[in-house]
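Everything on this sheet refers to the single structure shown next.
Residue numbers begin at 1 in each chain, while the letters A, B, ... track the order of the sequences.
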There are 2 protein chains.
Amino acid sequence: MAEKTFLKPKLPKTRNTNKVSKPPAASKAPKASKLQQRQKKAAVVATTATPKETSRRAVTSYDVALRAGISQSAVSRCFKPGASVSPAMRALVMKVARELDYTPNAIARSLITRRSNLVAVLISNLTNLYYPEVLSELCQQFEKRGLRVLLFTLPHEADVDKMIAQVWEYQVDGVVAAARLTPQQVAEFERRQVPFVLYNRTLQDKPVNAVVCDQIEGARLLVTRLAAAGHKRLAIISGPTDSVVGQERTRGARERIAELGLAKPIIVEGNYDYHSGAAGLREILRQLGCTPDAIICGNDVMAIGCVDTARHELGLNVPTELSVVGFDGVEPSTWLSYNLTTLRQPVQMMAQAAAEMLIALIAKPDSSPEKRVFSAQFIEGGTSVLGPL
Amino acid sequence: MAEKTFLKPKLPKTRNTNKVSKPPAASKAPKASKLQQRQKKAAVVATTATPKETSRRAVTSYDVALRAGISQSAVSRCFKPGASVSPAMRALVMKVARELDYTPNAIARSLITRRSNLVAVLISNLTNLYYPEVLSELCQQFEKRGLRVLLFTLPHEADVDKMIAQVWEYQVDGVVAAARLTPQQVAEFERRQVPFVLYNRTLQDKPVNAVVCDQIEGARLLVTRLAAAGHKRLAIISGPTDSVVGQERTRGARERIAELGLAKPIIVEGNYDYHSGAAGLREILRQLGCTPDAIICGNDVMAIGCVDTARHELGLNVPTELSVVGFDGVEPSTWLSYNLTTLRQPVQMMAQAAAEMLIALIAKPDSSPEKRVFSAQFIEGGTSVLGPL
DNA sequence: TCATACGCTGCATTCGACTGCAAACAAATC
DNA sequence: GATTTGTTTGCAGTCGAATGCAGCGTATGA
C-alpha cells in the first residue's frame, strides 16, 4: 500500500501528454491511438466474456500498459535488460505484470527482432545410446545461453529435405547437425546464411564449421596397441557404409594394419546395433574358419554384442581367446560385465565446443570456418589383452 | 517456356484492379498501398546492395507477389492447404517461390493464427536410458502430425520455474511433461489453459490428462512370481524418494509382500543409476548380514549394477544364489550378459498415446481429463529362478 | 536566471503472414 | 441480354512486441 501511493503519483501523473492532448485533438482526431483502440477492445472483451473467466485471449503488453496507466513501449522496455527505464517504472510494470500473469510473447518478439533464439538440433537416431549424451549436453549449453532447442530427428533417413524445410520456416538462429547430410543439404545452410555446426561430420571439398573427433588417429592407435600385444589376425565389424565416422574408423584401422605388415583384415558391415555385432562375429568366424586374434568394432554397442555372443553363445573366452575393442566409450562399456577396451570420445567437451561455436557464429556470422578436432581417449579395459606400450 | 506463356496471359492480365484503379486514385492517394511500399523498399535494397548479393533480408511473400505481379494475399493462400486458389495461380506462385527460395515464415504465421505448431517436451534426465526412447517416439509422432518439438531438459531439478516460464514465452500449443513437477507447476498449465499430458505421472488430488503404466500392478506381479518360486527374504533397491514411479513400484512390492505374509523387506534407496544398484546391493548385504533370496530394483539399470556387482565383485551366482529383477525393459536388459527378469513398459504405445492425446486436446481443449493406464509386460529372464506360475 | 544536457517516456511504425470483406470476373440461369 | 450464382482475387487491417524519434521533465552548468 505504502509503496503504491509512493509510486502512483510519482509516475503516471508527472507527465501524461496523452490526457492533455486528447481533448483538443478530439475535434480532428484522424484515428484513435493504438492504446485507445486497445482500450475499446478490452472493454468489449470485459462485457462479452463471463465475469469470472478473464477471457480466452492471452495477456499482452497492452493489457499491462492499460492497467498500469502507461504506454505499451514502457512495458516492452521493462522486459529488455539494458533498456532505459526508471526503477520506479520497472517496479510498477513488474508488479502489474505479475498480477496479470503477463509473459512476453517470444513469437512476436522474434518477428520484429529477427532473432528467434531457437536453434535446431538435427539428430539421426536417438536410440543410438551415444546421441542422448550429446543432445543432453547440447541442450544444457544452449539453455544456459538463453537459446531454445528445436529437436529434429531423422528416423529412416527418408524425407530429410522435407524436415529441413521445416527448419527454415522456424527462422532458427542456428543449426547443429549430428546427422548424415548430403553436401547439397549442407550447401543449402550456406545459401540461406544460417549459421551451422556439424557434429562429428565434415565435408571433403568445402571448409565448414565442425566439431569432430579424430577417428583415424584413434583407430590407428587401437591397431598399434593390439599389434604390440602380439595380435596378428585382426577383423573388423564396421559401421554402415553411409556413416562417415564409421568409414574413417575402418580406414584408419586398415591403413595401420597395412603399415604394420599384418594380414589384410576381414571386414564385415554392421549397423551399429547389438545384433549386428553378434551377427558380425558369426560372419567373421564363418569366413575365416577360425577365431581371429582381435575384432575391432565400429562402436561400443556392436562390441558388446560381439563380446556377449563370443562368451555366451560360442563359449569363447574374451579376452584370452579373442580380444574385442570398440569406439565411443558409452556408459554400458564401463559396466563390470564388459569393461570394454574402447576409445572414449570426449562427448561433453565436444558438445560444449559445438554450442560455443554456434553461439559465436550467430554473433558474428561471417567468421571463417573452423574445425575443432578432439582426440579420443584410449580406455584399456578387460576385453583385450594388451601389454604395456 | 511454353508453360510460362500459357500461364502468364491467363492469369494476371484477366483482372487487375490494381492497374486500373491506380492512376485515378493517384490524385487523392491518402497513403501508398502495402504492395507499393514494398516495391519502393525492394528498389532501395536493389540499388544499395551489391548486385550479386541478393540482400541480407529474407525472402518474404511480398517479394514473391511482386515478382509474380500478384498480391501478397494470393501468395499466402497458395501455401494454405484448403484455400480458394485457382490451379494456375498456385502453379505460378509455386514456380516463383522456388525461383526465389521463398519459405513461409512460421513465426509470422504463428503470430496471427495463434497456433505455433510447437509442443514443449519436458524431460528430467536424458541420460536415463529410458527417456531417449520416449523422446524419440514422441518426436516422430509429433513430426508426423506437423508439430515441432521444443525440448526442455531439467537437469538438476533446479530452476524449473524459470524453464517453465520459457515454455510460456514460446506460445507452445501443448506440453508433454515427463519430468517431476510440483502440483503448483501443473496448476499453472491449467491456469494458462495450455493443453498438457503427463507422462508416467499423475496428481493425487486433481484429475489430469496422463499416460501412465500401472507400476503397482506390475510390482505386485513381480512379488507374486518371486514368492511362488519360493523366495522368502526379499529386499528392495528403490528409486529416489522424489520419483513417483519409483515410490509406486516400492509400494506395490511392499503391499504384496505383506499380503503374502513374507518378512518385511529391507529397503535401500538408489538414484536409478548403475552405481547406486551396486551400492544398494552392498548395503543390503551389510544390513542383512547374509544374502536375500531376491532383490527388486527400481529400474533396470540399477538391477544391472546389482547383477554385475553380485557376480563380478562378490562372486555370487545370479540367479541360483540371488535373484534380481528390474523395471522398464530397456535395451541393455535384453543383452545376453544380463537377460534380465523385468517388467517392460510399452514405451512405444505410451508415447504414441501421449502424442495422440495431446493432439486431440489441442483440437478440443475443453475435453474432460483422461488417464490412459497401460500394463507392463512381464519378461522372464535369466536373473531369477522362477517356476511356472 | 536561462541554456544545455541527459534521462525517461509515449507515439507511431515495423516485422511477415493471415483473413473478412467486397470487387471483379466467369459461368449458369431465365 | 439481364440476372443470378459461384469462384477467384485484392485490399486493408490484424496479431504482439520492439524501437527511432521527439517531447517532456529534471539536474547541471554558466
The criterion is side chain to side chain contact (heavy atoms under 4.5 Å, CB included); which residues satisfy it with [X], sequence neighbours excluded?
X	result
Ala74(B)	Ile70(B), Ser71(B), Met89(B)
Ala178(A)	Ile123(A), Tyr131(A), Tyr199(A)
Met357(A)	Val197(A), Asn209(A), Val211(A), Glu370(A), Arg372(A)

Check salt bridge (charged side-chain N to carboxylate O under 4.0 Å, His left out) between Arg115(A) and all other residues, then give those that pass, not counting sequence neighbours. Asp173(A)
Distance, rounded to the nearest Å, where [X] contributes [atom1] and [N] contributes [atom2]:
X	N	atom1	atom2	result
Leu92(A)	dC8(C)	CG	P	15 Å
Tyr62(B)	dG16(C)	OH	P	10 Å
Tyr170(A)	dG16(C)	OH	P	17 Å
Met89(B)	dA24(C)	CE	P	16 Å
Arg115(A)	dT19(D)	CZ	C1'	17 Å
Phe79(A)	dT19(D)	CZ	P	15 Å

For dG10(D), does either OP1 or OP2 sit under 4.0 Å from a side-chain N or O belonging to Ser71(B)? yes
Could you give all pairs that pass the ring pair (Phe, Tyr, Trp, His ring centres under 6.0 Å) test and reach residues 72-112 of chain B, with sequence neighbours left out? Phe79(B)-Tyr102(B)
Could you tell me whether Val85(B) contacts a base, only the sugar-phosphate backbone, or nothing, with contacts defined as non-hydrogen atoms closer than 4.0 Å? sugar-phosphate
Kindly write out the residues that satisfy ring pair (Phe, Tyr, Trp, His ring centres under 6.0 Å) with Phe196(B), not counting sequence neighbours, or none if the list is empty. Phe189(B)
Quick one, Arg148(B) with Glu169(A), criterion salt bridge (charged side-chain N to carboxylate O under 4.0 Å, His left out). Give me CA distance, side-chain angles, the key distance, then yes/no. CA-CA 11 Å; Arg148(B) 240 62 48 209; Glu169(A) 291 206 4; 5.9 Å; no
Determine which pairs satisfy salt bridge (charged side-chain N to carboxylate O under 4.0 Å, His left out) with at least one residue from residues 80-91 of chain A, sequence neighbours left out, and list them in order. none
Quick check on the helix from dT1(C)-dA30(D) to dC30(C)-dG1(D): what's the angle between its two end axes, five base pairs per end, to the nearest 10°? 40°
Please tell me which of the listed nucleotides, dC18(C), dA18(D), dT9(C), lies nearest to the side chain of Arg109(B)? dC18(C)
Side-chain atoms of Leu111(B) come closest, of dA17(D), dC15(D), dG10(D), to dC15(D)
For nucleotides 19-21 of chain C, list the nitrogen or oxygen atoms of the protein found under 3.5 Å from its nitrogen or oxygen atoms, one pair per line.
from    : atom 1 : to       : atom 2 : distance (Å)
dT19(C) : OP2    : Lys80(B) : NZ     : 2.9

